Amino acid sequence: MDTAQWDGASKWQNWKYAIEKALPYDCELSLNSDPACFEGHLEVFHHPITHESYSDVTYSGNQVRRTKQHLQDGYSDYILMFVKSGEGSFQSEGEVYWFKPNSIYLIDTSRPFSKDMYGDCQVVFIRIAKDRIDPAFPQLAAQAVRAFPTDNGPGLLLRNYLYMLPRAVHTSTESTIDFLFRALTNLVVANLMELSEQLPERNYATTDHAFFIQVLKYMRQHYTDPSFRLSNLVAHYQRSRSYFYQLFKEHGTSFTDELRALRIEYAANRLATASSSMADLAYECGFNGASQFSRAFKVEMGVTPQKFRLTQL
């Protein structure tokens with residue numbers, strides 16, 4: 001499904017109707033921007049035997065609300081959410097969590113929730129049957145959303161797996177696809193095992209949530225400038241360095257991590273579509289050289305940019 005098939009006046013309403021009808025659970029979509037500017041593209045795969053499914057979505061920001069009234073549909077499976085780009089928040093029963101790019105979250109759909117996404121979003125959603133996970137992890141009932149660390153361990157492997165899954169599914173036979181989803185479920189379980197051995201990190205939004213969104217938008221406008229530093233935020237917003245350290249910390253991240261993620265997100269797209277040299281691409285993405293770019297890319301993606309380009313080709 002692609003909004004390009006509709007004219008500007010009807011894009012949002014047609015998208016809203018189609019998504020609400022196609023989702024396996026009842027909810028309500030709303031928009032916080034000009035409907036005429038909305039853009040969306042959706043690809044869905046549904047396994048006819050196991051009923052597992054994934055959707056690869058690119059869209060302008062919007063909100064999904066699932067209320068107590070919607071819960072009467074009886075749907076209670078988990079949704080695995082991989083945020084490739086964009087940012088947002090998740091609210092459930094008084095708790096608020098921050099979504100950031102290049103991160104993975106496991107959402108419990110048996111609770112009321114509200115999910116807001118801002119900017120240009122690219123998200124992969126995977127339906128995970130609850131009975132495949134709950135027997136081994138009864139403590140999941142205590143939390144509406146779980147964030148999986150993606151910089152090392154099974155989280156890193158799961159992140160790279162989700163990058164490749166859409167292409168793998170579209171080029172595989174039906175019998176092979178069953179094994180792909182089994183491997184995915186095993187990776188989710190491995191991540192939950194890691195989390196069960198440590199205190200859960202809750203990524204709460206703060207009273208400065210709206211300001212944090214402004215900061216990220218400002219960073220998105222300037223991240224390709226190699227001279228862009230935390231001092232630019234200090235000068236632009238007239239707030240101290242310690243304030244920004246605390247702001248990023250309360251959202252489970254840091255200025256350095258967010259800046260690197262923005263640059264690598266852009267680099268990953270360029271590696272898949274452009275034939276530029278690594279040195280040229282490094283400067284284009286805001287790095288001071290190919291070696292710095294290569295180190296940062298491996299930290300963020302787990303592989304070198306050269307290897308990543310080969311997988312895309």
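Predicted model, so just to flag it, every value in this text is computed and none were measured. Hydrogens, waters and symmetry mates are skipped; everything else that's a heavy atom, side chains included, is used.
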* Look at the side-chain heavy atoms of Ile, Leu, Val, Met, Phe, Trp and Tyr, link any pair under 4.5 Å apart, and say whether Y25 and V57 land in one connected group. => yes
* To do: Looking only at non-hydrogen atoms, find the nearest pair between Y161 and A183 and report the distance.
  => OH-CB, 3.5 Å
* Salt bridge flag under 4.0 Å for residues R270 and D280 -> no
* **Qualifying residue, where the test is ring-ring contact (aromatic ring centres under 6.0 Å, His included) with H236 and the options are F244, F228, Y218** => Y218
* **Contact check, side chains of E28 and S30, non-hydrogen atoms, under 4.5 Å** => no
* Side-chain donor-acceptor pair present, S240, S242, cut-off under 3.5 Å -> yes
* Nearest heavy-atom pair of V124 and K84: which atoms, and what distance? -> CG2-CE, 3.8 Å
* Going by atom types alone, do E43 and H41 pair a side-chain donor with an acceptor below 3.5 Å? -> yes
* Should the pair R263 and F297 be classed as cation-pi, given the thresholds of under 6.0 Å to the six-membered ring centre and 45° from the axis? -> no
* Asked: Taking everything shown except K298 itself, do over 12 heavy atoms lie less than 6.0 Å from its NZ?
  -> no
* Is it true that the side chains of Q63 and S114 contain a donor and an acceptor less than 3.5 Å apart? -> yes
* State, with a plain yes or no, whether a side-chain heavy atom of M117 is found less than 4.5 Å away from one of V83. => yes
* To do: Report yes if the side chains of H222 and N232 come closer than 4.5 Å at any heavy-atom pair, otherwise no.
  => no
* Asked: Are the side chain of S92 and the backbone N or O of A144 linked by a donor-acceptor pair below 3.5 Å?
  -> no
* Side-chain heavy-atom pair F211, Y237 within 4.5 angstrom cut-off -> yes
* For the residue pair L216 and W98, establish whether any side-chain heavy-atom pair is separated by less than 4.5 Å. => yes
* Are the side chains of T58 and E39 in touch, meaning some heavy atoms are under 4.5 Å apart? -> no
* Asked: Picking from K115, R220, K217, K100, what satisfies salt bridge (charged side-chain N to carboxylate O under 4.0 Å, His left out) with E87?
  -> R220
* Do V44 and Y75 belong together in a cluster built from hydrophobic side chains that touch within less than 4.5 Å? -> yes
* To do: Might you point out which heavy atoms bring D26 and H70 nearest each other, and give the distance in Å?
  => O-CB, 3.3 Å
* Side chain of Q246, backbone of Y243: donor and acceptor closer than 3.5 Å? -> no
Please output the side-chain donor-acceptor pairs of residues 149-157 that fall under 3.5 Å, not counting sequence neighbours, one pair per line with the distance.
residue, atom, partner, partner atom, Å
T150, OG1, N102, O, 3.3

* Asked: Would you say the side chain of Y54 lies within less than 4.5 Å of the side chain of L80, judging by non-hydrogen atoms?
  -> no
* Considering residues, nucleotides and ligands other than Q5, do more than 12 of their heavy atoms fall under 6.0 Å from its CD? -> yes
* Taking the six-membered ring for Trp, are F82 and Y163 parallel (under 30°), tilted (30 to 60°) or perpendicular (over 60°)? -> perpendicular
* Could you tell me which residues satisfy side chain to side chain contact (heavy atoms under 4.5 Å, CB included) with P35, sequence neighbours excluded, listed by chain and number? => W12, L31
* Asked: Going by an N to O cut-off under 4.0 Å, is there a salt bridge joining R260 and E265?
  -> no
* For D120, look at atom CG and say whether over 12 heavy atoms of other residues, nucleotides or ligands are found less than 6.0 Å away. => no
* Cationic tip of R111 within the cone over F113's six-membered ring, i.e. under 6.0 Å and within 45° of the normal? -> no
* Asked: Is the backbone of N288 close enough, under 3.5 Å, to the side chain of Y283 for a donor and an acceptor to pair up by distance?
  -> yes
* Can you name the nearest heavy-atom pair linking R229 to P226, along with the distance? -> NH1-O, 2.7 Å
* Heavy-atom side-chain proximity of M278 to S294 below 4.5 angstrom -> no
* To do: For Q122 and Y59, test the side chains for any donor-to-acceptor distance below 3.5 angstrom and give the result as yes or no.
  => no
* Taking T3 for its side chain and G40 for its backbone only, find out whether a donor-acceptor pair lies under 3.5 Å. => yes
